Amino acid sequence: METNFAHHQSAHCENGVASNLLKHNGLNISEPMVFGIGSGLFFVYLPFLKVNYAPAISYRPMPGSIFNKLAKRLGLKIKRQKFSSEANAIKALDENLKNNIPSGLQVGVYNLTYFPDEYRFHFNAHNLVVYGKTETDYLISDPVMENVTTLTHAELNKVRFAKGAFAPRGQMYYPIQVPANVDLKGAIIKGIKNTCRDMLAPMPIIGVRGIRYVAKLIKKWPVKEGTKKANHYLAQIVRMQEEIGTGGGGFRFIYAAFLQEAAVILENDELQKLSLEMTTIGDLWRDFAVEASRVYKNRSTKVDVYNTLSDDLLVIADREEVFFKKLKKAIS
């Protein structure tokens with residue numbers, strides 16, 4: 001069983017799966033447009049939830065929400081299923097493949113055998129597409145990979161039922177209705193408004209205020225937690241930012257590309273200017289990640305480096321607050 005499915009590499013798994021599945025179903029939509037309409041840009045700090053023995057930080061909303069919001073705003077219908085039985089999960093996927101329906105899956109990263117070892121850790125919100133099956137393997141289109149790949153039947157079953165936080169429980173999803181015409185303009189505006197609302201939220205752990213909160217904690221961690229734990233927490237920030245789904249810096253670049261596309265569709269030159277500004281902010285996030293990584297790898301020669309990192313992150317928070325206020329005004 002094999003579907004004639006076109007694989008396109010992307011920067012982020014959920015965006016890529018959504019874009020590739022929709023292209024297959026006749027709606028040519030780019031990864032940045034998926035991300036922007038689906039309000040994928042986000043920030044939240046969750047000190048009460050530990051991931052890899054450090055406070056959880058996310059640069060994106062809950063798994064599945066990008067595609068769900070995109071679908072709602074474009075009038076698409078997406079079918080999602082979770083399974084308590086591994087046998088039922090296999091049966092449902094095989095039935096889809098028999099009917100030439102490529103299917104998106106949420107899976108755990110740790111046992112993805114085609115990933116390099118350094119990228120295989122316990123993270124259960126990765127997304128890929130299964131588009132076919134042989135006697136021994138499933139045919140995999142993982143959008144963060146350059147080319148299509150495979151997993152054995154046992155390997156796919158293992159990642160579909162990975163244990164731990166955000167356990168996928170065999171989750172499978174795919175479009176069941178894609179309109180011939182969609183209201184891109186209306187969907188873009190709704191997506192931008194949602195992102196501005198999230199990033200300017202008056203809550204201390206969300207959006208710009210959440211970034212500021214973490215910036216201030218960086219100064220306290222070495223004294224309160226000790227250098228070893230402070231460095232582990234810094235490593236967590238960078239891992240969530242640069243390795244898990246592209247995170248902070250990478251998401252800013254995707255959002256900048258979205259604003260470029262949106263500027264043309266909405267005939268709004270201000271969005272083009274803001275696209276350039278967001279690219280600059282993405283560069284600042286990358287610079288922060290590089291300096292933080294030097295610290296936790298014990299390669300930094302800077303004096304008072306935790307205060308410097310804190311100040312750098314506060315600058316980013318200030319820049320993003322100004323940015324999102326301008327963006328909100330640009331589409332009002």
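It should be emphasised that the depicted structure is a prediction, and the values quoted were computed from it without experimental measurement.
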Going by heavy atoms in the side chains, are [X] and [Y] under 4.5 Å from each other?
X	Y	result
P175	L22	yes
I37	I188	yes
V315	D318	no
E155	N111	no
D312	D287	no
D311	K219	yes

If you compare all heavy atoms of [X] against all heavy atoms of [Y], which two are closest, and at what distance to 0.1 Å?
X	Y	answer
S30	S19	C-OG, 3.8 Å
S332	K329	OG-O, 2.8 Å
F83	A92	CZ-CB, 3.5 Å
M240	Y59	O-CD1, 3.5 Å
Y213	P204	CB-O, 3.4 Å

Does atom [atom1] ([X]) have a neighbourhood of more than 12 heavy atoms from anything else shown, all under 6.0 Å?
X	atom1	result
K190	NZ	no
K216	NZ	no
N99	CG	yes
F115	CZ	yes
K82	NZ	yes
K23	NZ	yes

Quiz item: Does any donor atom in the side chain of S10 or N15 lie under 3.5 Å from an acceptor atom in the other side chain?
Solution: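 There is no such pair between these side chains.
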Quiz item: Looking only at side chains, do N25 and Y174 share a donor and an acceptor under 3.5 Å apart?
Solution: no
When you measure from the side chain of [X] to the backbone of [Y], do you find a donor-acceptor pair of N or O atoms at a distance under 3.5 Å?
X	Y	result
E14	A125	no
S58	A56	no
S293	A289	yes
R209	P202	yes
E321	L200	no

Whether [X] and [Y] hold their rings parallel, tilted or perpendicular, with breakpoints at 30° and 60°:
X	Y	answer
H24	F5	tilted
F35	F251	tilted
Y255	F258	tilted

Quiz prompt | Residue that, paired with E277, satisfies salt bridge (Lys or Arg N to Asp or Glu O under 4.0 Å) out of K326, K325, R319 | solution = K326
Practice problem: List the steps and the verdict of salt bridge (charged side-chain N to carboxylate O under 4.0 Å, His left out) for R294 and E291. | Solution: CA-CA 5 Å; R294 288 193 184 113; E291 193 55 51; 3.0 Å; yes
Quiz item: Is it true that R73 and D183 have a side-chain N and a carboxylate O under 4.0 angstrom from each other?
Solution: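 Not counted as a salt bridge, because no side-chain N and carboxylate O are separated by less than 4.0 Å.
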Practice problem: Please collect all side chain to side chain donor-acceptor pair (under 3.5 Å) contacts where either partner lies in residues 264-276, sequence neighbours excluded, each pair once. | Solution: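 For residues 264-276, and leaving out neighbouring residues, there are no side chain to side chain donor-acceptor pair (under 3.5 Å) pairs at all.
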Practice problem: Give me the one residue out of V305, L314, I237 that meets side chain to side chain contact (heavy atoms under 4.5 Å, CB included) with I218. | Solution: I237
Quiz item: Only one of D198, L274, L41, I192 forms a side chain to side chain contact (heavy atoms under 4.5 Å, CB included) with F324, so which one is it?
Solution: L41
Donor-acceptor pairs are to be reported for all side-chain atoms of residues 140-151 against protein atoms at under 3.5 Å, with residues two or more places apart or in another chain.
residue	atom	partner	partner atom	Å
S141	OG	H7	ND1	2.7
D142	OD1	H126	NE2	3.2
D142	OD1	V144	N	3.2
D142	OD2	Y114	OH	2.6
D142	OD2	H126	NE2	2.7

Practice problem: Decide if the gap between the ring center of H153 and the ring center of Y138 is smaller than 6.0 angstrom. | Solution: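 Yes: the rings meet the under 6.0 Å criterion.
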Exercise. Apply salt bridge (charged side-chain N to carboxylate O under 4.0 Å, His left out) to the pair D283 and R252, showing each step before the final yes or no.
Key: CA-CA 9 Å; D283 289 336; R252 269 70 189 165; over 6 Å; no
Practice problem: To the nearest 0.5 Å, tell me how far L21 CG sits from Y173 OH. | Solution: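 Atom-to-atom, L21:CG and Y173:OH are 7.0 Å apart.
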